[in-house]
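Worth knowing before you read on, the calculation uses all heavy atoms, side chains too, and leaves out hydrogens, waters and symmetry mates. In what follows, chains are A, B, ... by sequence order, proteins preceding strands, each numbered from 1.
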Number of protein chains: 2
Amino acid sequence: MANLKQLAQSLGLSITTVSRALDGYADVSASTRERVREAADKVGYRPNASARRLRRQRAELVAVTLPSDPGHIGPPHFLDMLSGCAEHLAAAGLNLVIAPVPRGESELDICRRFVDGRRVDAMLLVRTKRKDERVEFLQSRGIPFVTNGRTESLLPHPYIDGDGFAGFRAATLRFHAAGHRRIGHIAGPQEYYFAHDRCRGWRAAMEECGLATDLCAEGAPLEQGGYLAALELLRQPSRPTALVCATDEMAIGALRALREVDGGNQISIVGHDDLPMGAFTSPPLSTMRMTGENLGASFASLLLRAIAGEPAEELQELHAIEFVDRDSHRRPAKAA
Amino acid sequence: MANLKQLAQSLGLSITTVSRALDGYADVSASTRERVREAADKVGYRPNASARRLRRQRAELVAVTLPSDPGHIGPPHFLDMLSGCAEHLAAAGLNLVIAPVPRGESELDICRRFVDGRRVDAMLLVRTKRKDERVEFLQSRGIPFVTNGRTESLLPHPYIDGDGFAGFRAATLRFHAAGHRRIGHIAGPQEYYFAHDRCRGWRAAMEECGLATDLCAEGAPLEQGGYLAALELLRQPSRPTALVCATDEMAIGALRALREVDGGNQISIVGHDDLPMGAFTSPPLSTMRMTGENLGASFASLLLRAIAGEPAEELQELHAIEFVDRDSHRRPAKAA
DNA sequence: CTTGACTCCCAAAACGTTTTGGAGAATCTT
DNA sequence: AAGATTCTCCAAAACGTTTTGGGAGTCAAG
C-alpha cells in the first residue's frame, strides 16, 4: 500500500524528486537519491504498474495467440519456448500473456481485441498460414509482431522459421541416395506455410531425381491425419518404399498404418519435430528438427527489437534443419 | 486511436455520458445509448486497458508461475490446462500471464514482484511444496490465489488436487491382490506435496497388508531419477516384483533400468500422469490420472470465485484418481 | 404555483505515475 | 560585481478511464 505520494510525504520531498531519484536521474543529488532508495526498499515500494503503463503509453505486455482448433498446439517444446521467451521479455520489463482462441472466435478477433484495447506492445504469432490475416491486420495497424513461421505476405515481417524446404529436400535426397525410388510424402494442410514449404522441398527433390510426384497425400497435422494419409498411399498400385512425413505426429499415425498392412514394416519413414515420444515408438522414429539454441530467447530478442523499431528485414531468422537419426529411416529400399 | 474524449466530441456528448452509455447504465436514454454504441462500433472504440485498470484498481491479470529448475513443468496436458484456464478467464475480462522463474530468483521473488507492483489480481501456483513459502506470502498479503496441489499450510487455501493418497493406496492394494508381496515405491522429492502424498498412499497400503515399507527409493521427478531409484531397488537382496512410481517420467526411467537387469522385464510397474508417450513404451505403461473434465476451466472458476471473495474452504477440489490400464502392470507376481 | 419525483445528462475528481518547464540557490567566469 | 552556468528540487500537466454528486428540464400531484 505504498504510494509515491506517501513515500514522498514521509521523506519531506516532492513526488517528482522521489520518482526521479528511483529512476536514477542525474538531477537529484547522490545523497537524496540514496535516502530515497533506502526508504523505498524499506517499505517495499514498487511503482503501480497500471499507472505507469497509462502514463508511459506502454502496456508492458506481449500476447501470444494459442491456436486451439486444428489439433495440437505444436511440439512439446512449445511450452519451453514460451517459458524462455517470457523469461527474457521479463528481463526487459515485459510480461507474456497467453491468448487462446475460444470456439467461435477467430485468431483475428483476438488480435483485434488486444491491439485496439492497447493491451499489448507486441504480439507473437504461431502456426502461420501462407496467407495470414493476422499478419495483414497487424501490419495495417503498425503493431510490432514476430511470427513463428513465414507467410507469403507482400511486406516483409519479422519471423523465426525452420528451413523446411531444405530439410525435406535433403531427407528425400537421402532416401534417393539409399536406393529408394518410390518416395511418398505425407503432407500437412497446405494452407499452413510450414506444410507447404515441406511439401515443396519433397517435390523439388523428386523432380531433381526425375521421379514422379504423385505419391503425396494430405491430412490433418495429427496422428489420425497421418494414419489416413498413409493408408491412402499404401492403396496405390505402386506403393512407396519410403515416407517423408510433415510432422512426427503424422509419422506416428503412419507407423500405425504400416503395422496394419502386409510388408508395411519394411517401409522407411521420417518425421519432423523431434517429439520426445518418437524415441519410444517401434521402431524408434527418425526425425528432423530446427537447429538453434534457446528459441524462446531469440523470439524475445526479436520482439524487443521490433518494439524498438528495427526494420523487419533485419528481424528474420531462417534456421537450418538437422536430422535426428533413429531407426525408422533405415529400412531397405527394395523390400516393400 | 479512438478516445472516449474524441468519441464524445464527435457525438456532441460528454465523456461521462458516452462512458455510461457503453457500460449500459440506465441513466442514459435508450436512443442516445444506441447512437453512442453505433458510433463506437463504427470507429472500433475499445476502452484503453491501462486507464481502466488504473481507475478500477484492478490489473485484469492473473499470473501463473512456471517452475523451471527441477525438471519438467509437469505433464504435457499442462499447456492445455493453461490454455483452458486462460480462455475462461478471458471470458471474465482477465488475461493470464506466464511467469517463468529465471535462474537465481526464487518463485517467491516472482510472486513478490507481481503482487507488490499490483500487476495481478490473483495468482495460480503449481508444483506446491508441503511447506510452500509462496502460499504463506500470498496469504499474508491477502492476494487471491489457487494452487495446483495441496500444501500443509495451517490456513486453508483454494486448490485443485488429485487424491494421490487414495490412488497410490489403491494401486498398491491391487498389486497385493494380484499376489505381489514385494511392492516397491519410486518416490519423488518428499518436499513436494504430491510426492509425499503418493508415498503415504503406498505406505498405508503396505501397512494394511502387513508388509514392510523398506522398498522405497527417492529420486528427482524425471526419467533419470526414476532410473537411478529403480537401480537402487533392484540392488536389494530381496527385489521387488512390482513398482509403483510417483510419475510416468520416473516410471519410464524405471523401465529402462528394468531392461538392463536380468529378469527385470518380469517386474510389474505403474506410473502416474498418463503421459501420451506412455502408450509407446515397451511394454505400454500402465498409469493413473486425475479424473475431471477441463481442468483449466475449473482453475479459472476457482480463481474468479477467489477474487470475488469466496472463502477458501469452499474453493477446494480433490479429484479421484483413475487407472489407465495398459500392459506394464500385468507381469506375474512370482517371476521376479 | 409549488413540490417532489423522475429522466437525462454533465463537470470534476479521482486512480498513481512520468515528464515538462521552470525556480531558487550555489558556483564559476569574466 | 554582474552574468552565466550548474546543481537540486518542485508544481502542474498529462495519460484515459470510471464514478461521484449533482443540475437542468419535464411532468404529475397537491
Side-chain angles (χ1 to χ4, degrees), chain A residues 1-37 39-40 43-61 93-95 113-121, chain B residues 1-37 39-40 43-61 93-95 113-121:
Chain A
M1 188 37 95
N3 259 356
L4 210 44
K5 193 188 215 167
Q6 293 167 20
L7 192 57
Q9 235 152 24
S10 82
L11 284 165
L13 289 170
S14 76
I15 292 182
T16 309
T17 303
V18 175
S19 171
R20 312 209 96 206
L22 291 174
D23 280 357
Y25 278 75
D27 71 350
V28 19
S29 74
S31 68
T32 349
R33 185 159 50 227
E34 232 4 83
R35 198 160 61 95
V36 170
R37 283 206 173 134
V43 302
Y45 168 79
R46 300 253 178 192
N48 179 300
S50 302
R52 186 186 32 219
R53 298 202 245 240
L54 172 59
R55 170 63 225 217
R56 280 249 192 99
Q57 299 286 77
R58 304 272 210 84
E60 296 181 356
L61 247 37
L94 297 180
N95 287 121
R113 176 172 317 162
F114 275 98
V115 167
D116 288 344
R118 272 187 194 56
R119 302 171 99 83
V120 293
D121 298 321
Chain B
M1 188 38 95
N3 259 358
L4 211 43
K5 194 190 216 169
Q6 293 167 19
L7 191 56
Q9 234 152 24
S10 82
L11 283 165
L13 289 170
S14 76
I15 291 183
T16 310
T17 303
V18 175
S19 172
R20 312 209 94 205
L22 291 174
D23 279 357
Y25 279 75
D27 71 351
V28 19
S29 75
S31 67
T32 353
R33 185 160 49 227
E34 229 9 78
R35 199 159 62 96
V36 170
R37 283 207 171 131
V43 302
Y45 168 80
R46 300 256 178 189
N48 179 301
S50 301
R52 186 183 38 214
R53 288 172 185 168
L54 173 59
R55 171 63 225 218
R56 281 249 191 99
Q57 299 285 77
R58 306 270 211 82
E60 296 180 356
L61 247 38
L94 298 179
N95 287 121
R113 176 172 319 162
F114 275 99
V115 166
D116 288 344
R118 273 188 194 55
R119 301 170 101 81
V120 293
D121 298 320

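Scanning atom types as modelled, one donor and one acceptor separated by under 3.5 angstrom connect the side chain of A:Arg55 and the base of C:dT18. Checked by distance alone, B:Asp27 brings no side-chain donor or acceptor within 3.5 Å of a matching partner on the base of C:dC8.
If you measure from atom CZ of A:Arg33 to atom P of D:dC7, you get 12 Å, rounded to the nearest angstrom. Following rounding to the nearest Å, A:Arg53 (CZ) and C:dT18 (P) show an atom-to-atom distance of 13 Å. In this structure, the CG atom of B:Leu7 is 13 Å from the P atom of C:dC10, given to the nearest Å. We find that CG of A:Leu4 is positioned 7 Å from P of C:dT18, with the value rounded to whole Å. Atom C1' of nucleotide D:dA13 and atom CZ of A:Arg56 are separated by 17 Å, given to the nearest angstrom. What separates CZ of A:Arg35 from P of D:dT8 is a distance of 14 Å, to the nearest Å. Taking atom CZ on B:Arg20 and atom C1' on D:dT17, their separation rounds to 13 Å, with Å as the unit. Here C:dG16 presents its P atom at 16 Å from CG of A:Leu22, a figure rounded to the nearest Å.
Judged by distance alone, the side chain of B:Arg33 and the main-chain N or O of B:Tyr25 form a donor-acceptor pair under 3.5 Å.
Note on A:Tyr25: every side-chain N or O is 4.0 Å or more away from OP1 and OP2 of D:dC9. The phosphate of D:dC10 has OP1 or OP2 within less than 4.0 Å of a side-chain N or O from A:Thr17. For the OP1/OP2 pair of C:dC10 and a distance below 4.0 Å, the side-chain nitrogens and oxygens of B:Thr16 include no atom meeting the criterion. Phosphate proximity of D:dG16 to B:Gln6: absent, as no side-chain N or O sits under 4.0 Å from OP1 or OP2. Between A:Tyr45 and C:dT17, a side-chain N or O to OP1/OP2 separation shorter than 4.0 Å is present. Contact annotation: B:Gln57 reaches the phosphate of C:dG16 (side-chain N/O to OP1 or OP2, under 4.0 Å). Taking 4.0 angstrom as the limit, A:Ser29 places a side-chain polar atom (N or O) nearer than this to OP1 or OP2 of D:dC9.
Both A:Ala30 and B:Ser19 sit near DNA chain D, but only A:Ala30 has its closest nucleotide nearer the 5' end. Residue order along DNA chain C, read from the 5' end via each residue's closest nucleotide, puts B:Ser31 first among B:Ala51 and B:Ser31.
Here CG of A:Leu11 is found 12.0 Å from CD of A:Gln6. Values are rounded to the nearest 0.5 Å. The CG atom of B:Asp116 sits 11.5 Å away from the CG atom of A:Asn48 when rounded to the nearest 0.5 Å.
Using a 4.0 Å heavy-atom criterion, one finds that B:Thr32 contacts the sugar-phosphate atoms exclusively. Among the protein residues, B:Ile15 comes within range of the nucleic acid bases, having at least one heavy atom under 4.0 Å from a base atom. In this structure, B:Asn48 reaches the sugar-phosphate backbone alone: every heavy-atom distance under 4.0 Å involves primed, P, OP1 or OP2 atoms, never a base.
Recorded end-axis angle for the helix from C:dC1-D:dG30 to C:dT30-D:dA1 stands at 60°, based on five pairs per end and rounded to 10 degrees.
The two residues A:Asp27 and A:Arg20 make their nearest non-hydrogen contact at OD2-NH1, 2.7 Å. For A:Leu61 against A:Leu94, the heavy-atom pair with the smallest separation is N-CD2, 3.9 Å. Across all their heavy atoms, A:Glu60 and A:Asp121 have their closest contact at N-OD2, 2.7 Å. Between A:Arg53 and B:Arg53, the closest heavy-atom pair is NE-NH1, 4.5 Å.
Within a 6.0 Å radius of CZ in A:Arg58, other residues, nucleotides and ligands contribute 12 heavy atoms or fewer.
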